[in-house]
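Here the structure is a predicted model, which means the values were calculated and not measured. Here is how names work: the chains are called A, B, and so on, in the same order as the sequence lines, proteins then strands, and each is numbered from 1.
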Amino acid sequence: MIEIDNITKRYGDNTVVDNVSMTIAPRTVTVIVGTSGSGKTTLMRMINRLVEPTSGAIRIDGEDNRGIPGYELRRRIGYAIQGHGLFPHRTVAENIATVPGLLGWEKSRIEAKVKELLSLFQLDPAAFGPRYPHELSGGQQQRVGVARALAAEPNILLMDEPFGALDPVIRAKAQEDLLAIQKHFGTTIVLVTHDMEEAFHLADKIAVMDKGRIVQYAAPEDMLVNPATDFVETLIGVGERPFRLLSIGTVGEAAEAGTAEGEPLAAATSQRDALSSLLWSGREALPVVGADGVPLGRVTLASLARRAARPR
Amino acid sequence: MKRLLPNLLRLAALIILVAFLVQPALFEPLLKPLVQANAPAIYNQGSLLSLTLSHLTTVFIATFAATVVAVGLAILVTRPIGAEFLPLSRSLVNIGQTFPPVAVLALAVPVVGFGEKPTLIALFLYGLLPIFENAMTGLSTLPPAIVEAARGTGMTAWQRLTKVELPLALPIILAGIRLSVTISLATATIGSTVAAKTLGEVIIAGLQSNNLAFVLQGGLVVAVLAVLIYDAFSAMERMVSRRAGRV
Amino acid sequence: MRFRIDKLGVVIAALLAYGAFLAPFANFRANRIVPGEPRAILDALPAGLGTALLIFIAIALVFVVLKTPTLLRLLLGLAALSVLAILIGLSASHLTPPENTYARVSPASGFWLTSFAFALLTADALARLRLSPFARVTLLAAAAAAVAALLMSGAWDGLSILKEYGSRAETFWLEAGRHVLLALGSLVAATLVGLPLGILCHRVETLRAGVLNVLNIIQTIPSIALFGLLIAPLGWIALNVPGAAAIGIRGIGVAPAFVALFLYSLLPVVANTVVGLAGVPRDANDAARGIGMTDRQRLFGVELPLAFPVILTGIRIVLVQNIGLATIAALIGGGGFGVFVFQGIGQTAMDLVLLGAVPTVALAFAAATVLDAATELSNSKPSRAA
């Protein structure tokens with residue numbers, strides 16, 4: 001659990017983060033959104049003390065984060081940034097081993113961890129471990145960046161626009177991977193982005209920031225139904241509301257008993273993408289299959305239309 | 001394949017250089033046409049080999065000292081604690097490079113006397129600038145994402161410096177050292193005007209006795225040394241920058 | 001108001017404290033050759049003046065340690081340098097016994113250290129103020145005028161370096177002329193040859209590596225050797241090419257020095273031309289082609305103007321380098337300020353070395369300042385127009 005308590009950051013006369021308080025529940029994904037200059041990155045960087053607050057306090061699992069030196073704190077908190085920030089003079093394996101190395105893990109333990117993470121991110125350890133970052137594609141670099149952040153098994157992972165530099169296809173895949181990993185490790189993730197689509201897709205809770213303040217901190221559905229201010233409404237986009245609602249849930253959740261003709265949809269597909277497939281194929285229903293290919297039933301246009309309507 | 005020919009040429013140059021320094025008499029017929037009938041064609045007032053070694057030693061000591069001091073200062077001015085010195089350092093480097101090496105050499109004589117010392121001081125001072133300039137550039141132009149990542153992974157300031165910043169700046173620092181060494185190799189010859197034992201002795205003896213063969217052999221030995229050392233540094237830079245992903 | 005400490009100020013203050021209170025201000029020698037006797041500020045200056053200087057430095061010391069406005073620091077630095085310049089002249093006339101023409105007074109370590117400290121203060125203030133190119137050149141001109149005024153007024157006549165000058169004023173200007181001729185002349189020649197060569201190298205890729213490699217190797221030949229090596233071929237030309245001797249080509253003297261400097265100058269000019277032309281944005285070139293410019297129009301209308309700042313940087317490197325290297329020409333009878341430097345080294349006469357070295361450094365410094373300003377102006381023009 002991360003408790004942010006009346007935190008303020010000023011640079012000279014410029015207040016970047018203005019008296020923000022919020023509590024982030026463990027094992028959830030919290031996305032902080034806002035325009036550039038809203039203070040969202042500064043707020044996140046105060047959690048691992050890359051930025052020291054002017055006033056206020058942040059507690060992690062009840063302990064003030066100023067209780068230990070900043071660098072020790074940062075070793076316990078994963079951190080992934082846009083453009084991945086991989087060390088170009090170290091191999092992929094050495095990059096991932098950075099924090100375990102700093103913590104003085106045993107060699108064999110580090111090696112096992114590197115292997116585990118590379119496999120988890122679908123990179124063959126034997127092939128990718130010895131390579132240098134510049135020999136990887138953008139998507140692979142990004143995965144290694146997240147793997148490095150997770151190497152020391154942190155409870156908390158901070159991500160600053162982690163997918164910002166990726167093209168849309170790779171980005172969607174990276175987002176799926178992140179959700180899978182989050183389930184796998186039970187990590188508490190705090191992610192900063194300016195992409196609302198990404199926020200609705202990933203978040204358990206969304207915090208909208210504007211001019212250094214949090215204007216709304218709520219679950220995605222609640223935010224859609226009751227936007228706190230005009231600013232939040234504009235940010236969501238009035239015309240996007242039904243689709244945003246659909247992008248929160250998966251098709252597995254919307255599946256009903258029955259059969260249907262056509263190309264089956266994977267259960268992890270978002271309802272928004274399922275709607276898109278239905279419309280494009282011109283069918284009333286499509287079959288749904290689990291990850292292992294087992295049929296789970298079908299999803300219908302009518303049920304999705306119901307789910308896209310304003311919740312009461 | 002493309003690298004083969006230049007490397008063969010370098011190897012040949014090295015072999016000829018070593019042969020000339022060890023057995024200069026072998027080359028006498030080549031140099032004989034350049035001198036008057038009864039003048040010596042091979043430098044005869046000392047061993048070419050020992051002059052070369054002392055030339056190299058002088059350059060090495062000066063460059064080594066310059067590297068340690070310059071990199072140390074560059075580290076200092078690129079830390080928050082030394083940031084106040086940064087603007088001045090930049091302009092001092094600029095101003096310092098307008099000092100001709102001869103002037104530095106000549107001005108060192110009254111302070112420390114004749115011999116190796118003024119040469120060492122001049123080479124040291126003059127060699128500082130390119131290394132300092134490059135180290136400063138290398139350390140202050142690191143990609144921000146990488147510096148940020150290094151902090152984010154929980155490295156201490158010292159770990160960031162030794163594990164990330166210096167390795168990444170290494171190619172640029174090496175380029176500075178290469179520049180400094182080539183300048184020093186040539187400047188050290190001038191040291192012989194203040195009685196330092198360098199290859200300049202051979203050239204100056206040639207100028208004084210109007211012996212072209214002396215001038216040529218002194219000059220060529222220095223030039224070949226400079227080219228070989230320059231190439232060796234370039235190769236080293238390519239190696240580390242390939243490793244640093246800055247290809 | 002809170003007082004804060006300026007870190008650089010602490011270094012400057014330490015230099016000042018040592019230079020003013022512990023090190024000798026001037027050196028007195030009974031004649032040109034004997035070792036000097038150091039004199040501290042209080043002995044070196046007329047009573048009252050010495051005390052005043054010490055008080056002035058003590059105040060300056062406090063001023064520089066505290067964080068004070070940059071402009072004031074600049075003014076203090078300039079004022080202090082002027083005061084020191086005038087006082088060292090006074091010290092010379094104060095220390096030299098009347099009617100004694102053998103005695104020599106020269107600045108000692110204390111003078112140099114305090115001057116260096118104030119020069120640091122000035123340089124730091126200038127760097128922080130980020131003066132415009134015009135302001136910098138104006139300041140340089142003002143400094144030059146001030147030095148000239150001091151020289152003309154005779155305030156420095158008692159100093160040993162000027163006594164050395166006094167006994168060879170005519171040679172000095174002759175060698176000065178040669179020095180400038182060598183440095184500037186070879187630069188002009190190298191630009192005339194190097195610019196077209198650079199353009200050619202840019203256009204013909206197969207030529208580029210070869211030319212740059214050869215020029216690179218020339219640069220590694222030590223200057224005294226290159227000077228020496230050119231004696232033979234130029235001597236031969238003078239003997240065998242009709243008319244060559246008449247235009248001043250001979251084996252020893254200015255000609256081999258000129259040719260050597262020319263050869264050294266080629267690399268920076270050619271290399272920077274190539275780099276500058278290669279750095280011309282593709283879009284600009286495409287656009288030029290797109291609106292129907294011929295190759296020639298593109299070269300003069302687009303490529304060269306855009307590459308100009310880089311080429312100018314090359315010329316700056318060459319000029320500063322040449323001014324320094326021209327000192328070595330003296331070793332082969334080519335003249336220049338090196339004559340005094342090497343004579344001075346030969347006679348262990350520091351003042352004579354300074355007579356050669358100081359103008360060389362001043363010249364190089366002035367050239368660097370002016371050309372830096374020019375480069376900055378040429379760099380900023382496009383962005384200001386945009």
Side-chain angles (χ1 to χ4, degrees), chain B residues 6 34 81-92 94-95 97-107 109-111 113-114 118 182 185-190 192-195 199-200 202-204 206-208 210 212 214-227 229-230, chain C residues 6-9 11 109 119-121 123-128 130 216-229 231-232 252 317 320-321 323-328 330-332 337-338 341-342 344-346 348-350 353-354 356-358 360-361 363-369 372:
Chain B
L34 292 173
I81 188 169
E84 277 180 42
F85 296 90
L86 194 60
L88 177 69
S89 319
R90 284 187 204 283
S91 47
L92 277 189
N94 261 330
I95 296 169
Q97 274 164 346
T98 63
F99 273 68
V102 194
V104 180
L105 189 72
L107 295 176
V109 172
V111 186
F114 283 87
T182 8
L185 278 168
T187 311
T189 54
I190 306 171
S192 291
T193 58
V194 295
L199 286 163
V202 183
I203 301 170
I204 289 170
L207 287 176
Q208 280 166 350
N210 207 0
L212 201 58
F214 284 7
V215 178
L216 189 68
Q217 57 197 268
L220 279 185
V221 171
V222 178
V224 172
L225 281 175
V227 170
I229 292 176
Y230 184 96
Chain C
D6 186 279
K7 286 180 200 149
L8 176 68
V11 176
S109 58
L120 277 184
L121 181 70
D124 181 54
L126 284 175
R128 280 171 202 277
R130 294 168 196 275
N216 237 325
I217 289 177
I218 292 179
Q219 286 256 324
T220 64
I221 302 175
S223 43
I224 35 174
L226 188 58
F227 284 132
L229 291 176
I231 294 175
I252 256 192
I317 296 172
V320 172
Q321 170 188 297
I323 291 173
L325 281 178
T327 40
I328 296 169
L331 282 178
I332 53 159
F337 288 128
V341 174
F342 289 113
I345 290 177
T348 34
M350 166 71 165
V353 169
L354 282 177
V358 171
T360 312
V361 172
L363 212 55
F365 179 70
T369 310
D372 275 344

Check each atom of [X] against the heavy atoms of chain B and say whether the ones under 4.5 Å are side chain, backbone, both or neither.
{"X": "Val11(C)", "result": "side chain"}
{"X": "Phe342(C)", "result": "side chain"}
{"X": "Leu120(C)", "result": "both"}
{"X": "Asp6(C)", "result": "both"}

Which bit of [X] is near chain C, if near means a heavy-atom gap under 4.5 Å: side chain, backbone, both or neither?
{"X": "Leu88(B)", "result": "both"}
{"X": "Phe214(B)", "result": "neither"}
{"X": "Leu92(B)", "result": "side chain"}
{"X": "Thr193(B)", "result": "both"}
{"X": "Ile81(B)", "result": "both"}

Find the distance between OG (Ser192(B)) and CG (Leu331(C)) and round it off to the nearest 0.5 Å.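 Those atoms lie 10.5 Å apart.
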
Would you compute the distance between atom CD1 of Ile328(C) and atom OG1 of Thr189(B) and round it to the nearest 0.5 angstrom?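 It is 7.0 Å, given to the nearest 0.5 Å.
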
Does any part of the side chain of Glu84(B), heavy atoms only, come nearer than 4.5 Å to the side chain of Asp124(C), both counted from C-beta?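 A side-chain contact under 4.5 Å is absent here.
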
State, yes or no, whether a side-chain contact exists between Phe99(B) and Thr360(C) at a heavy-atom distance under 4.5 Å.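 SC-SC contact between Phe99(B) and Thr360(C) ruled out.
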
Val224(B), Ile190(B), Leu220(B), Ile204(B): which one forms the most heavy-atom pairs within less than 4.5 Å of chain C?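 Result: the option with the highest number of such pairs is Ile190(B).
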
What residue, out of Thr187(B), Ile95(B), Thr182(B), Leu199(B), has the most heavy-atom pairs lying under 4.5 Å from chain C?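 Most heavy-atom pairs within the cutoff with chain C belong to Ile95(B).
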
Between Ala223(B) and Pro222(C), which heavy-atom pair has the shortest distance, and what is it?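 It is N-CD, 4.2 Å.
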
When you measure from the side chain of Lys7(C) to the backbone N and O of Ala83(B), does any donor-acceptor pair fall under 3.5 Å?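 No, Lys7(C) side chain to Ala83(B) backbone: no donor-acceptor pair under 3.5 Å.
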
